[in-house]
Structure formats: structure tokens, C-alpha cells
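This report refers to the structure that appears directly beneath it.
Just follow the structure's listing: the first ligand is 1, and inside any ligand the first atom is 1.
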Amino acid sequence: MISLYYLNTESKLMTSTATAHTNIAFIKYWGKKDTLFNLPTTSSISLTLNEFYTKTSVTQSGETDQLIINDTPADSRRIHHFLNILRENLGDFPALTVNSHNHVPTSAGLASSASAFASLTAAVTKDIGADLSLSQLSRLARRGSGSASRSFYDHFAIWHEGIDDQSSFAESLNAPANLPIALVVAEISSSAKKIGSTEGMNRAMTSPNYGTWVKNSADQLIDMKRAIENVDIEKIGAIAEANALSMHALNLTAKRQPFTYFTSETQQVLALVRRLRKQGILAFATLDAGPNVKIITHLESAQQIIKELNITMPDISVKIATSGPGISYD
Ligand code: 2P0
């Protein structure tokens with residue numbers, strides 16, 4: 001039986017819609033201390049991006065949960081598993097059709113799972129009338145994909161690693177609003193077989209350097225918070241680059257199936273970033289689970305960096321993003 005709650009006055013099925021922007025971690029999440037609850041080994045800090053987002057609608061219909069991405073039916077197993085976690089936490093609700101529109105270029109190496117699971121969590125809780133705080137939404141979205149916990153907030157977010165399901169969630173970092181920071185994304189296509197984040201971090205955790213990385217990450221997190229408070233973009237970039245490169249060093253030094261996301265083009269962009277720095281241009285690199293390089297810079301220098309990238313590597317496409325908004329509802 002369909003509950004009246006789901007019917008509007010014209011007896012059409014109700015649809016609930018939410019939009020979440022993706023985020024880029026300046027202090028990375030790269031390892032789980034609990035895989036069931038998706039608890040990270042470290043706390044992380046991210047910047048929400050204005051350019052890239054996912055808009056997700058949910059409608060109660062059909063017998064089973066279904067997923068449609070960009071108007072094309074998709075494998076719904078991961079979503080079904082996640083919706084069952086929401087049912088366990090919030091009380092049962094009927095099967096949902098999930099309609100997701102991704103405005104995150106898949107080739108850009110920006111995690112669409114962050115904006116996808118954040119927008120889905122918000123759309124579902126709106127649909128069932130659950131009035132949750134942002135930190136409660138963040139805690140639930142974490143179970144779908146860790147980085148999704150950070151996509152509810154505008155500007156900078158901090159995901160506290162926590163010690164259990166209740167204590168692991170993100171919140172706003174309350175950073176100065178007038179931070180003129182930009183991210184230049186150098187899209188490097190790769191024909192290499194992709195190693196997903198979950199598999200990548202599982203391998204990285206077998207590195208003999210993993211314990212050191214966790215320890216250093218805690219120190220870098222404190223330094224990063226201070227650099228953001230001080231609106232010190234140079235410091236933010238330097239810490240983010242050190243954190244990212246040491247994350248990628250774990251992949252290379254894994255005892256089980258060592259690997260790298262870097263390609264020769266990745267190295268070329270990293271060399272360009274170092275050259276720009278020598279020329280006095282504020283430029284620092286961060287990289288995630290793929291070959292693309294995201295260059296952290298001052299808004300003023302972004303166009304110059306794009307120009308240099310176009311000259312040195314004319315074949316790669318370049319996008320620019322700045323600080324973006326938190327979760328929103330239609
Ligand atoms: C991050 N990444 O902090 C790190 C840095 C990629 C590199 O969070 O296993 O898709 O679903 O919790 O959130 C991407 O990992 O991983 C990610 P799961 P997720 O942004």
C-alpha cells in the first residue's frame with residue numbers, strides 16, 4: 001500500500017531532490033580502520049568545489065531499488081546496499097527509484113561518489129521526512145562513500161575520523177569566507193586499468209610506511225587548520241602537496257600489489273608545477289585516485305597557470321574550480 005505521505009494533491013508520486021557538490025581533500029583520507037562502518041584511519045580536510053556537482057532525485061516506485069545515472073539505467077547493487085543501511089538507521093521505507101545527474105566529468109578524476117552519496121542521502125531523508133542535522137546526514141553518507149561525508153558543507157570541511165559509527169562525521173571548518181583560492185584541474189586521460197579508491201587504500205595500508213603516514217597526517221591536519229585560519233594559501237598548498245605525495249608514496253611501497261596512479265603526463269605536470277614555483281608563481285599539486293593533477297593556487301594566478309599548461313601540454317584539457325556551496329534542495 002502506498003502511504004498518503006508519498007502522494008501530492010494531484011495523486012502523483014512525490015519526488016525529492018537534492019544537490020551536492022564534490023570536494024577535493026587537502027588532507028587525504030587513505031585507509032579504513034573499520035570497513036563495515038567506513039571509519040577512516042585519519043581525519044581529513046577538504047574544499048567543496050563550485051564547478052562539479054550531482055543532482056539526485058528519489059521517487060517511491062517499483063518493487064526494488066533502481067538506479068538511473070544521467071538517464072541511463074545503471075547497476076543498483078551498491079545503492080541498494082546503502083539504502084538498506086539508511087533503512088536500518090531511519091526505519092523502513094519503500095523501494096526507491098534513484099535518478100542521478102552527474103555534473104562531474106568522469107575523466108577529471110574528481111570523486112563523483114562524494115557528491116553522489118551526499119545528494120542521495122539528503123534526497124532520501126527529505127523524502128521520508130527525517131529532519132536531520134548536517135552532521136547526522138554526514139555520518140550516514142559516510143557509509144556510502146567516505147568522501148561523501150564532507151560534501152554537505154560549503155567551503156572547507158573537516159571529517160573527524162572518530163572512534164565509532166556515531167563519532168565519525170564531517171562538519172564545517174568555519175574558515176574565513178574571503179579565501180581567494182583556486183584549483184586548476186589538469187585532466188590526464190589514462191588507458192591504464194583503474195584501481196578504485198577502496199582497493200587502492202587497502203593495498204596502501206600494507207606499506208611499511210603506513211604508520212608514519214598516519215602520524216604525520218595528524219600533524220599536517222593541525223598545520224592545515226592554522227594555514228586556513230591565517231588565509232595563507234602558500235602554506236595550504238605546501239601542506240596539501242606534501243600530504244598528497246606521501247599518500248601516493250604509500251601506493252608505490254605497498255607490500256601487497258604495489259602500484260601507482262601516476263603516468264608520464266602526471267610527472268610532466270608535477271615538473272611544471274615545480275618550475276612555476278621557481279618562477280615565483282604560487283602553485284602546488286594534489287592528486288587523488290587517478291593520474292590527474294589538481295593545482296592549488298591563488299585566484300589571481302589561475303589564468304597564468306592555465307596558459308603555461310596549454311603551452312607545455314597542449315593536448316590535455318584544463319578546468320578551473322573555486323570554493324563551492326553546501327547541500328541544497330529543490
Ligand atoms: C579523499 N579519496 O580524501 C581521498 C583521497 C581519494 C584520494 O576519498 O571507499 O570514494 O567509497 O569510502 O570516498 C575517494 O575515496 O572511498 C577518496 P570509499 P571514496 O578524498
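- Taking any N or O of Ser44, backbone or side chain, none lies under 3.5 Å from an N or O belonging to ligand 1.
- Annotation for Leu39: hydrophobic cluster partners, listed by chain and number, are Leu36, Phe37 (ILVMFWY side-chain heavy atoms under 4.5 Å, direct or chained).
- Residues Thr54 and Asn102 have side chains that bring a donor and an acceptor to within less than 3.5 angstrom of each other.
- Heavy-atom contacts from other residues, nucleotides or ligands closer than 6.0 Å to CD of Gln279 number more than 12.
- Other residues, nucleotides and ligands place no more than 12 heavy atoms under 6.0 Å from the NZ atom of Lys225.
- In the vicinity of Gly146, heavy-atom distances shorter than 4.0 Å reach the ligand 1 atoms 11 (O), 12 (O), 13 (O), 18 (P).
- Using a 4.0 Å cut-off between heavy atoms, Asn38 contacts ligand 1 through its side chain alone, with no backbone atom that close.
- In terms of the salt bridge (Lys or Arg N to Asp or Glu O under 4.0 Å) criterion, residue partners of Arg256 (sequence neighbours excluded) are, by chain and number, Glu199.
- Between Gly144 and ligand 1, not a single N/O pair is under 3.5 Å apart.
- Residue contact check: Ala25 has heavy atoms under 4.0 Å from atoms 1 (C), 3 (O), 20 (O) of ligand 1.
- Not a single N or O atom of Lys28, backbone or side chain, sits closer than 3.5 Å to an N or O atom of ligand 1.
- Looking at Arg150 against ligand 1, only its side chain comes within 4.0 Å, counting heavy atoms.
- Residue Lys33 qualifies as enclosed at atom NZ: its count of foreign heavy atoms under 6.0 Å is above 12.
- The shortest heavy-atom distance from Arg78 to ligand 1 is under 4.0 Å.
- For Ser145, heavy-atom contacts with ligand 1 shorter than 4.0 Å involve the backbone as well as the side chain.
- Considering both main-chain and side-chain atoms, Trp30 never comes within under 3.5 Å of ligand 1 through any nitrogen or oxygen pair.
- In this structure, Phe262 has its ring center closer than 6.0 angstrom to the ring center of His248.
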